[in-house]
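Contents: one structure, followed by commentary.
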Amino acid sequence: MPNWGGGRRCGVCQKTVYFAEEVQCEGNSFHKSCFLCMVCKKNLDSTTVAVHGEEIYCRSCYGKKAPGHKPTTNPNASKFAQKMGGSERCPRCSQAVYAAEKVIGAGKSWHKSCFRCAKCGKGLESTTLADKDGEIYCKGCYAKNFGPKGFGFGQGAGALVHSE
């Protein structure tokens with residue numbers, strides 16, 4: 001059958017997958033309705049899929065089928081995983097960060113609960129933070145700990161006074 005629409009072939013049913021119904025994983029395309037565990041037929045997403053070669057499983061069935069193998073856990077393994085939050089690691093607690101709890105700041109993904117000043121613990125917003133050496137700080141703590149120091153700094157408008 002000709003591929004008139006130019007879409008890719010589904011890794012399960014081999015029919016054309018169009019953009020609106022496409023899920024990508026490990027470089028393969030799937031229909032959303034075909035992106036199911038090969039054993040138990042549960043719907044999969046980036047947090048539950050385990051890939052072995054061309055086969056896709058839920059993590060539970062994969063563990064039963066292939067205890068000697070580890071499923072793919074690369075957070076950048078697919079566009080689908082990136083779009084859905086993947087399993088990026090929080091720089092503060094090193095645990096997986098999923099889409100529902102993800103906050104981006106200083107170019108990294110954080111848990112909402114970990115997105116706090118490293119010094120005072122104040123909750124931050126991506127627009128009100130300062131970062132240094134991989135840590136994030138509120139503007140006040142950053143200025144206090146890493147801002148300019150010495151005569152004339154932090155004294156207000158009349159700080160530089162000539163005395164003769």
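We use all heavy atoms of the structure for the numbers below, so side chains are in, but hydrogens, waters and symmetry mates are not.
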How long is the span from the [atom1] atom in [X] to the [atom2] atom in [Y], to the nearest 0.5 Å?
X	Y	atom1	atom2	value
Ser60	Lys42	OG	NZ	6.0 Å
Lys108	Cys114	NZ	SG	13.0 Å
Lys119	Lys144	NZ	NZ	10.0 Å

For a quick test of your reading: what N or O donor-acceptor pairs under 3.5 Å do the side chains of residues 29-41 make, sequence neighbours left out?
from: Ser29; atom 1: OG; to: Glu22; atom 2: OE2; distance (Å): 2.5
from: His31; atom 1: NE2; to: Thr16; atom 2: O; distance (Å): 2.9
from: Lys32; atom 1: NZ; to: Ala20; atom 2: O; distance (Å): 3.4

Residue list, side chain to side chain donor-acceptor pair (under 3.5 Å) with Thr48, at least two apart or on another chain: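 Listed in chain order: Asp45.
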State, to 0.1 Å, how close [X] and [Y] come at their nearest heavy-atom pair, and which atoms those are.
X	Y	answer
His111	Ala96	NE2-O, 2.8 Å
Ser109	Ile104	OG-CG1, 4.1 Å
Val51	Cys25	CG2-SG, 3.7 Å

Could you state whether Tyr142 and Ile136 fall into the same hydrophobic cluster, counting links through intermediate Ile, Leu, Val, Met, Phe, Trp or Tyr residues with side-chain heavy atoms under 4.5 angstrom apart?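 Looking at the clustering, Ile136 is in a separate group from Tyr142.
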Are Tyr137 and Phe115 linked, directly or through other ILVMFWY residues, by side chains that come within less than 4.5 angstrom of each other?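 No.
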Which residues pass the salt bridge (Lys or Arg N to Asp or Glu O under 4.0 Å) test with Glu21, sequence neighbours left out?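 Here no residue qualifies.
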Listed partners of Arg116 passing salt bridge (Lys or Arg N to Asp or Glu O under 4.0 Å), at least two apart: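 For Arg116, no residue satisfies salt bridge (Lys or Arg N to Asp or Glu O under 4.0 Å) once neighbours in sequence are set aside.
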Residues in side chain to side chain contact (heavy atoms under 4.5 Å, CB included) with Gln14, at least two apart? Arg9
Sequence neighbours excluded - salt bridge (Lys or Arg N to Asp or Glu O under 4.0 Å) pairs with any residue from residues 129-140: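 Residue pairs passing salt bridge (Lys or Arg N to Asp or Glu O under 4.0 Å), neighbours aside: Arg92-Glu135.
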